[in-house]
Amino acid sequence: MPYRIRRRPEPSSAVRQQLTDEVSSLLARMAFHQAWLQIEAATVAGPYASLVSTARAEAGAQMSLAWQQPPITRA
């Protein structure tokens with residue numbers, strides 16, 4: 001998502017909303033799979049939870065930085 005945020009076509013509120021919706025959808029899918037693993041494969045649930053936590057922390061920091069920078073407009 002940091003790449004998508006930096007490559008946003010324009011700095012409009014509609015584009016911001018679309019990208020925010022995409023992030024929300026990704027987080028919801030990760031939460032769904034995390035819950036599913038807790039039910040179906042408890043031995044995998046812990047490592048997956050760790051992966052999700054690490055990915056969220058790293059991606060969150062990178063997305064915050066991407067929002068603070070102007071969109072990339074060149075190829």
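Atoms considered below: every heavy atom in the structure, side chains included; atoms not considered: hydrogens, waters and symmetry mates.
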If you count every heavy atom of other residues, nucleotides or ligands that lies below 6.0 Å from Glu58 atom CD, does the total exceed 12? no
Nearest 0.5 Å please: distance from the NE2 atom of His33 over to the CD atom of Glu40. 12.0 Å
Working to the nearest 0.5 angstrom, can you tell me the gap between Gln34 CD and Met30 CE? 8.5 Å
Ser25 (side chain) donor-acceptor with Asp21 (main chain) under 3.5 angstrom: no
Working to the nearest 0.5 angstrom, can you tell me the gap between Arg29 CZ and Ser24 OG? 10.5 Å
Once ring-ring contact (aromatic ring centres under 6.0 Å, His included) is applied, do any residues pair with Tyr3, and if so which ones, sequence neighbours excluded? none
Please list all pairs meeting ring-ring contact (aromatic ring centres under 6.0 Å, His included) that have one or both residues in residues 41-70, counting only residues at least two apart or in different chains. none
Do Ser53 side-chain atoms and Ala49 backbone N/O form a donor-acceptor pair below 3.5 Å? no
Same hydrophobic cluster for Ile5 and Val15, using side-chain heavy-atom links shorter than 4.5 Å among ILVMFWY? yes
Any sub-3.5 Å donor-acceptor pair from Arg7's side-chain atoms to Pro2's backbone N or O? no
Under the side-chain contact (heavy atoms from CB on, under 4.5 Å) test, which residues partner Ala57, sequence neighbours left out? none
Linked, directly or transitively: Trp36 and Leu27 (ILVMFWY side chains, under 4.5 Å): no
Check Gln69 against Arg8 and note the closest heavy-atom contact, atom names and distance. O-NH2, 2.8 Å
